[in-house]
Every structure is written in structure tokens, then in C-alpha cells.
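Comments concern the structure below.
Here, residue 1 is the first one in the sequence, and each next residue gets the next number.
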Amino acid sequence: MRALTLMETVVSASILCSIGAVFVPAFFANLHASRLSEPLDGLARIAAHSAAFAELKPAKEAYPESAPLTPTDVPRGESVLDPPGTWEHPTWRALEFQPTMAHYFSFSYTSKSQGGGSSFVAKAHGDLDGDGLFSTFKIRGSVAPGAGHSQSYIEMDREVE
């Protein structure tokens, strides 16, 4: 086997650097985007379970009571695994919602009754890069007397902060 000439080494290095310049940023962009599946999937599950919960109740009591931000401290730049009991609030249990793996987001649930109907807002807050600025995702749902459950699209604020 012969050694590479200086020209062959330079050409090989430039090709490898060009490939790296394209794929490394794309890899990190995809890694960051994959973290967005957590709030989107979580809120979709909360909304689906809220709709199922609403099927069993009168419109003015359609959703479970409000639940505070859980975990209380939004994870900052790294995923957290919650200690046992973190998700024991009756609302999280009623909605069958509890992250089972390490996660980057905290969730809250606010419900209210008004005019014979009910509504809820579920939110996910995350600080993916640990800079103190939050990504916020939310979904809304409501039930009016004589009507079924309706919900909004997921709203995003600073989704890739």
C-alpha cells in the first residue's frame, strides 16, 4: 500500500470538510427539532384525554380541575427525570398524563366553567438551551351546552428558542 501524496491528502481533507460543513449543522437542527415532538405529542395526548373526559360529564363540568405547572421548575437546557409522585395531581391522573422518560418540558392545565359550558388550556413550557427564555406551546378546548368537544390547533411561541 502506498502513501498518499500531499495533493491527494489536501483533496481528501477538503472533501471531508465540505461534507462535514453540510451534515453537522443539519444534524444539530434535526436534534433540536426532535425535542419539539415532546410538547406536541404531550399536548395532543392531553387534548385527546380531555375530550374523552368531557364525554362522560355535563358541559359545565366537562374537564377536570386545573393542575399547576408540573414539574414546578421548568427544565433548563437538559432533560430531567421526575422523582416519584411528581405527577400525582388528580388532574394528571384523570387525564392519564405522566411523562415516563426524561423530558425537557413542564406542563400545566387550566380549566374553567362559564355560561353552562367549560373550557381548558393546556400548556408546555421548555427552556431547551438554558438561557431563561421559554418555548411555550398551548392547546385550547371547550364544550358548550348541547355541543360536543372542540379544540384549537397547537399554538407555538418561540418554538426553537
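For Tyr63 and Phe53, the gap between ring centers reaches or exceeds 6.0 Å. Between Phe137 and Phe105, the distance from one ring center to the other falls under 6.0 angstrom.
Ser135 OG to Asp129 CG: the interatomic distance, rounded to the nearest 0.5 Å, is 8.0 Å. Glu155 contributes atom CD, which lies 10.5 Å from atom CG of Leu43 (distance to the nearest 0.5 angstrom).
Residues Ala122 and Tyr109 come closest through the heavy atom pair CB-CD1, 4.1 Å. Taking each heavy atom of Ser118 and Ala59 in turn, the nearest pair found is OG-O, 2.6 Å. Among all heavy-atom pairs drawn from Pro145 and Gly115, the shortest one is CG-O, 4.0 Å. Shortest non-hydrogen contact noted between Leu81 and Thr100 is CD1-O, 4.2 Å. Closest approach of Thr91 and Glu65 over heavy atoms only: OG1-O, 2.5 Å. Contact between Phe107 and Ala124 at its shortest, heavy atoms only, is CE2-CB, 3.5 Å.
Salt bridge absent: Arg45 and Glu96 never bring a charged side-chain N and a carboxylate O closer than 4.0 Å.
Two different hydrophobic clusters hold Val80 and Phe134 under the rule that ILVMFWY side chains link at heavy-atom gaps under 4.5 Å. Placement of Ile15 and Met7 within a single hydrophobic cluster is found when ILVMFWY residues are connected by side-chain heavy-atom separations under 4.5 Å, directly or transitively. Under a hydrophobic clustering in which Ile, Leu, Val, Met, Phe, Trp and Tyr are joined whenever their side-chain heavy atoms come within less than 4.5 Å, directly or via other members, Val121 and Leu40 fall into different clusters.
Judged by distance alone, with hydrogens and angles left aside, the side-chain atoms of Ser12 form a donor-acceptor pair with the main-chain N or O of Glu8 at under 3.5 Å. Without hydrogens or angle criteria, Glu38 side chain to His103 main chain gives no donor-acceptor distance under 3.5 Å. Using a distance-only test at 3.5 Å, with no hydrogens or angles considered, no donor-acceptor pair links the side chain of Thr86 to the main chain of Pro71. No donor-acceptor pair under 3.5 Å is formed between the side chain of Ser111 and the backbone N or O of Ser119. Without hydrogens or angle criteria, Thr136 side chain to His125 main chain gives no donor-acceptor distance under 3.5 Å. Judged by distance alone, with hydrogens and angles left aside, the side-chain atoms of Asp127 form a donor-acceptor pair with the main-chain N or O of Gly132 at under 3.5 Å. With Ser152 contributing its side chain and Ile139 its backbone, the two residues share no donor-acceptor pair below 3.5 Å.
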Given the rule in the side-chain hydrogen bond (donor to acceptor under 3.5 Å, both in side chains) test, do Ser66 and Thr110 qualify, once you have shown the distances and angles that lead to the verdict? CA-CA 4 Å; Ser66 296; Thr110 306; 4.7 Å; no
Might you work through the side-chain contact (heavy atoms from CB on, under 4.5 Å) test for Phe97 and His89, ending with a clear yes or no? CA-CA 10 Å; Phe97 185 76; His89 189 280; over 6 Å; no
The test is side-chain contact (heavy atoms from CB on, under 4.5 Å); show your working for Trp87 and Asp82 and say whether it passes. CA-CA 8 Å; Trp87 296 89; Asp82 299 316; 2.7 Å; yes
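When side chains are defined from C-beta on, Pro75 counts as touching Ser106, because their heavy atoms get closer than 4.5 Å. Within the 4.5 Å cutoff, the side chain of Arg140 has no heavy atoms near those of the Gln151 side chain. Looking at heavy atoms from C-beta onward, Lys138 lies out of side-chain contact with Ile154 at the 4.5 angstrom threshold.
Atom CD of Glu78 has 12 or fewer neighbouring heavy atoms from other residues, nucleotides or ligands inside a 6.0 Å radius.
With no hydrogens or angles considered, a side-chain donor-acceptor pair links Thr70 and Trp92 at under 3.5 Å.
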